[in-house]
Amino acid sequence: MTLLEIFPSLRPSVSARLDPAVWPRDTHYDDTGRVTIGGVALADIADRYRTPSYVLDEAEVRGRCRDYRAAFPEAEIIYAGKALMIRAVADWVSQEGLSVDVCSAGELAIALAAGVPAQRIVMHGNGKTSDELRAAVAAGVGRIVVDSLAEITLLSALVTRRQRVLLRLSPGIDVHGHPAVRTGVLDQKFGFPMGSEAAAEAVTRILRQPALELIGLHCHLGSQIHDPDHYGEAVRKLVAEMAAIRRDHGLLLTHLDLGGGHAVAYRGGEAQMNLTELAEVLEDALDAACARQRFPRPRIAMEPGRAIVARAGVTVYRVVSVKRIDGGHTYVTVDGGMGDNARVALYGARHSAVVANRHPAGPLITATVAGRFCEAGDVIAADVRLPVDLRPGEVLAVPCTGAYHHSLASCYNSVGRPPIIAVARGRDRELVRRETVDDLLRRDIGR
């Protein structure tokens, strides 16, 4: 007998949706009090595929793509594959009209295997090897983002037909995020500082190569940016730079890629990017900058990755133990951790967590959800409210884990990476299988 059968008065509260700022839009409690996404109960996913498992809501991914296309109808939306690059996601975003950004030969191969047209693929990265550039050229990718002088020389030796390129510039805009993801400042590893001699030399070198066609500029300001004014400032600076290139070289650049980094909320109440406000800021900045520079309006591109897939993902775990330290914390240890969610250890990210196999009806405690890996810093979610009667074997769900979780996952402690399970219209299917001990041993070929 369930709690709902014993206490029917709980039903109205159970039917409420969980916070859509951090959960997929089609998330609710079912009639038995279980958290359900895409018509599938997360507890059933845990039973069927074991834990930990990544769960990905296909409708949420597609919906986020449509949100971007509706907000920016004249812009090119390029999915930043580094957030989560698997064939299914590449296929979904491509079907929704997005291009795809890749930054390695592996990501390129996945995009091509998913059927993404090569002309809609952008090759990115600050340390592209000759093999990666050769693969991009051979595939016929639509654009390559040039990041260094050495890359210009290498690329010009590899191209066999005219290759369109963008030049990545650092516009000197500090978004004041975590130091590991502030990529718009001048002193950092990506691109060329705007206005520098190196940037001027890069333009000159590209123009000397008849097989390289410089069509525009690229920048990326950082991650988790919620203030759209930073992008307005980038537009003003980059359009001025495009005008200077036209003045100095007689070249009219037509493309302006503003990168991604649009913030999402990981816990209720956190700031996130408002697409309507961003569209208004970009429109005003383009009008003003192009009028001031007497420059034709360039085609705008942006590269959301996290904003497309983060809220579509939920990770399910099983509780292994509940440990209460006298005078200290209550630690709820689960069967995953930093091997499948490295963001907490890397960036101090904060997540929430809920019990997924039942709707809590009693008192709650403040607890720390800890991982099973051999690091004191292996924490998944700190200071979350969980039932005081939480028991080993129950299922916890951590929302907003679609981006930079699978893509950053490791085999620390020789624990295999979790599977990815898609849910849609009441059905589930495995997209990426669980990594097994046999997989680990198969790569270990020496004795």
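Computed over heavy atoms, backbone and side chain alike; hydrogens, waters and symmetry mates excluded.
- Annotation for V102 and M85: closest pair CG1-CE, 3.9 Å, computed over non-hydrogen atoms.
- At least one donor-acceptor pair closer than 3.5 Å links the side chain of Q163 to the backbone N or O of V141.
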Please report the C-alpha distance between V61 and E58 in whole Å, then the side-chain angles of each, then the deciding distance to 0.1 Å, and finally whether the side-chain contact (heavy atoms from CB on, under 4.5 Å) criterion is met.
CA-CA 5 Å; V61 173; E58 178 180 347; 5.8 Å; no
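- Side-chain contact of Y79 with E96: a donor-acceptor pair under 3.5 Å is absent, judged by distance alone.
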Let's go through L256 and R299 carefully: what are the C-alpha distance in whole Å and the side-chain angles of both, what is the deciding distance for side-chain contact (heavy atoms from CB on, under 4.5 Å) to 0.1 Å, and is it a yes or a no?
CA-CA 6 Å; L256 177 55; R299 185 185 185 193; over 6 Å; no
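- With D147 contributing its side chain and G191 its backbone, the two residues share a donor-acceptor pair below 3.5 Å.
- Other residues, nucleotides and ligands place no more than 12 heavy atoms under 6.0 Å from the CZ atom of R87.
- A pairwise comparison of heavy atoms in A118 and G140 identifies CB-O, 3.6 Å as the closest pair.
- Residues S104 and E107 are in side-chain contact: their nearest non-hydrogen atoms beyond the backbone lie under 4.5 Å apart.
- You'll find the side chain of I121 reaches within 4.5 Å of the side chain of L108, heavy atoms only.
- Counting only distance, with no hydrogens or angles, the side chain of D57 and the backbone of A312 share no donor-acceptor pair below 3.5 Å.
- Judged by distance alone, with hydrogens and angles left aside, the side-chain atoms of E394 form no donor-acceptor pair with the main-chain N or O of R318 at under 3.5 Å.
- Under the 3.5 Å distance criterion, with hydrogens and angles disregarded, no donor-acceptor pair is assigned to the side chains of D91 and S94.
- We find the CD1-OG distance between I421 and S53 to be 5.0 Å, quoted to the nearest 0.5 Å.
- Side-chain contact between V89 and I308: absent, with no pair of heavy atoms (C-beta onward) separated by less than 4.5 Å.
- Counting only distance, with no hydrogens or angles, the side chain of D257 and the backbone of G259 share a donor-acceptor pair below 3.5 Å.
- No more than 12 heavy-atom neighbours from other residues, nucleotides or ligands sit within 6.0 angstrom of CZ on R69.
- Distance alone, capped at 3.5 Å, places no donor-acceptor pair between the E283 side chain and the E280 backbone.
- Counting non-hydrogen atoms of neighbouring residues, nucleotides and ligands closer than 6.0 angstrom, the CZ atom of R427 reaches no more than 12 such neighbours.
- Considering all non-hydrogen atoms of both residues, P419 and E430 come closest at CB-OE2, 3.9 Å.
- Between R25 and D67 there is a salt bridge, with a side-chain nitrogen of the basic residue lying less than 4.0 Å from a carboxylate oxygen of the acidic one.
- Judged purely by atom type and a 3.5 angstrom limit, K323 has no side-chain atom pairing as donor or acceptor with the backbone of Y331.
- To the nearest 0.5 Å, atom CG of residue D19 and atom CD of residue E270 are 10.5 Å apart.
- A heavy-atom distance below 4.5 Å is found between the side chains of V314 and I37.
- The aromatic rings of H262 and Y68 sit parallel to each other, their planes meeting at less than 30°, with 60° as the upper class boundary.
- For the residue pair D340 and Y317, a side-chain donor N or O sits within less than 3.5 Å of a side-chain acceptor on the partner.
- Scanning both residues, G305 and A83, for their nearest heavy atoms gives C-CB, 3.6 Å.
- With no hydrogens or angles considered, a side-chain donor-acceptor pair links S99 and E76 at under 3.5 Å.
- Side-chain N/O atoms of R164 and Q119 include no donor and acceptor closer than 3.5 Å.
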Show, in sequence, the C-alpha distance, side-chain angles and deciding distance for Y404 and R306, and conclude whether the side-chain contact (heavy atoms from CB on, under 4.5 Å) test is met.
CA-CA 8 Å; Y404 302 104; R306 186 194 314 267; 3.8 Å; yes
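- Side-chain atoms of P24 and R311, non-hydrogen and from C-beta on, never get closer than 4.5 Å to each other.
- The aromatic rings of Y266 and H405 sit tilted relative to each other, their planes meeting at an angle between 30° and 60°.
- Side-chain contact check for D30 and T32: at least one donor-acceptor pair (N or O, by modelled atom type) lies under 3.5 Å.
- Because its NZ or CZ atom is not both nearer than 6.0 Å to the ring centre of Y231 and within 45° of the ring axis, R236 does not count as a cation-pi partner of that residue.
- A 4.5 Å side-chain heavy-atom check between L238 and M194 finds at least one atom pair inside the cut-off.
- Checked by atom type and distance alone, the side chain of K128 pairs as donor or acceptor with a backbone atom of G125 at under 3.5 Å.
- In this structure, L221 CG and L258 CG are separated by 7.5 Å, a value rounded to the nearest 0.5 Å.
- If you look at H218 and H124, their ring centroids are closer than 6.0 Å.
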List the steps, then state whether side-chain contact (heavy atoms from CB on, under 4.5 Å) holds for V235 with L282.
CA-CA 7 Å; V235 166; L282 292 183; 3.8 Å; yes
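- With H351 as the fixed residue, the side-chain contact (heavy atoms from CB on, under 4.5 Å) test singles out one of V384, N341, V379: N341.
- The structure places CG of L364 at 9.0 Å from CG of D389, a figure rounded to the nearest 0.5 Å.
- No side-chain donor from either of D383 and T366 sits under 3.5 Å from a side-chain acceptor of the other.
- Going from atom CG of L56 over to atom CG of L84 covers 6.0 Å, rounded to the nearest 0.5 Å.
- Atom CZ of R391 has more than 12 neighbouring heavy atoms from other residues, nucleotides or ligands inside a 6.0 Å radius.
- Between the side chain of T129 and the backbone N or O of E132 there is at least one donor-acceptor pair closer than 3.5 Å.
- Using modelled atom types, no side-chain atom of D229 and backbone atom of G232 make a donor-acceptor pair closer than 3.5 Å.
- To the nearest 0.5 angstrom, R417 atom CZ is 11.5 Å from L408 atom CG.
- The closest side-chain heavy-atom distance from V309 to E60 is not below 4.5 Å.
- Using a 4.5 Å heavy-atom threshold, the side chains of P418 and H406 count as separate.
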